[in-house]
Amino acid sequence: MNGTNVPAIEIEHLTVSYGQVAALLDISVAIGAGQLVGIIGPNGSGKSTLVKAILGFLRPDLGRVRIFGQPLERAAGRVAYVPQRGAVDWDFPVTVREVALMGRYGRIPWWREPSADDYRAADEALETVRMAEYRDRRIGQLSGGQQQRVFMARAMAQGAEILLLDEPFAGVDAATERAILEVLSRMRAAGRTLVVVHHDLATAAEYFDNLLLIKQRLYAYGPPPAVLDQELLAEVYEGRLRVFSRLLAGRGEEP
Ligand SMILES: Nc1ncnc2c1ncn2[C@@H]1O[C@H](COP(=O)(O)OP(=O)(O)O)[C@@H](O)[C@H]1O
Ligand SMILES: [Mg+2]
């Protein structure tokens, strides 16, 4: 039990740039454990950069990220990334079960085969994401949404407490979106912390416990009604807000 309430992710003064381009400026925020959090903001606002910085894929100019109070270097395996659908070319003949089992590789010495425990952890994770019946299929034969669920299983098998997903709903159909959302809820119920880059403001309030609104800087972090404030969105989305206010009102296309 976590009696001291240490945040799952604590970001302090995080500043990241690509050469001369400043992508993130002085971001400080603490994300509590066991939440489903959405990162929102216009294109190019630094959402993917924030995810990469939390994973330790990028070296910040300034600031730091802590995972359950520990520096990133000491949090290996506790944070997992679920790649975007289509981000991986699955031409080679690896099965769904083998992908889930890859989550165990950090624990398996090179000289031995996976144990019964490793297989059990992989299979349990596939149950959680409702992909157990596909376990002998080749990963390349699955739809993008199913592939994402297998990657979520791999992260669970690894024992990761924090999962980061970059636009998991991009380009999936409505049924797949529901399926992924259900898996996210199940993982939250299992105590995981989930951080999801999301571009659709119309569904943001329904899907997430808390929203993090960024455009280089942190504009807001908190419950959706507070973050989806019209004035705040006008400031962050500028000219694009007209489109979004239609979306928020549930109306159709631009005339
Ligand atoms: N590898 C890179 N090299 C140079 N600039 C980059 C790179 N990745 C992202 N950027 C720039 O950093 C800013 C933030 O990008 P990104 O984090 O991808 O935003 P988002 O995910 O919100 O669309 C943008 O201005 C983008 O052009
Ligand atoms: Mg992005």
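Indexing begins at 1, ligand by ligand and atom by atom, following the structure's order. If you read the sequence from its start, that first residue is 1, and numbering goes on from there.
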Check your understanding: Nearest protein heavy-atom contact for atom 4 (C) of ligand 1: which residue, which atom, what distance?
Key -> Y18 CB, 3.3 Å
Study note, to complete from the structure: Quick look: N43 vs ligand 1, heavy-atom contacts under 4.0 Å, and the answer is backbone
Point to revise | From G44, S48, G46 - option closest to atom 23 (O) of ligand 1 by heavy atom | key: G44
**Study point:** Aromatic ring proximity, centroids under 6.0 angstrom, F169 and Y207
**Key:** yes
Check your understanding: Heavy atoms of the protein only: does one fall short of 4.0 Å from atom 6 (C) of ligand 1?
Key -> yes
Check your understanding: Would you say atom 27 (O) of ligand 1 touches the protein, meaning some protein heavy atom is under 4.0 Å from it?
Key -> no
Can [X] and [Y] be counted as an ion pair, charged N to O under 4.0 angstrom?
{"X": "R120", "Y": "D123", "value": "no"}
{"X": "R104", "Y": "E113", "value": "no"}
{"X": "D136", "Y": "R97", "value": "no"}
{"X": "D166", "Y": "K52", "value": "no"}
{"X": "R66", "Y": "E12", "value": "no"}
{"X": "K215", "Y": "E238", "value": "yes"}

**Study point:** N43 near the Mg ion (ligand 2): N/O/S under 2.8 Å
**Key:** no
Practice item. Answer yes or no: does an N/O atom from A23 fall short of 3.5 Å to an N/O atom of ligand 1? Key: no
**Study point:** Nitrogen or oxygen atoms of V21 and ligand 1 under 3.5 Å apart
**Key:** no
Going by atom type alone, with no hydrogens or angles, which donor-acceptor pairs under 3.5 Å involve a side-chain atom of residues 35-42 and a protein atom two or more places apart or on another chain?
{"unit_1": "Q35", "atom_1": "OE1", "unit_2": "N210", "atom_2": "ND2", "d": "2.4"}
{"unit_1": "Q35", "atom_1": "OE1", "unit_2": "Y221", "atom_2": "OH", "d": "3.4"}

Using a 4.0 Å cut-off to any heavy atom of [X], which atoms of ligand 1 qualify?
{"X": "T49", "value": "14 (C), 15 (O), 16 (P), 17 (O)"}
{"X": "P42", "value": "22 (O)"}
{"X": "S45", "value": "19 (O), 20 (P), 22 (O)"}

Point to revise | Any G19 heavy atom less than 4.0 Å to ligand 1 | key: no
Practice item. Decide whether the shortest distance between a heavy atom of G41 and an atom of ligand 1 is less than 4.0 Å. Key: no
**Study point:** Modelled atom types, side-chain donor and acceptor of T49 and Y18, under 3.5 Å
**Key:** yes
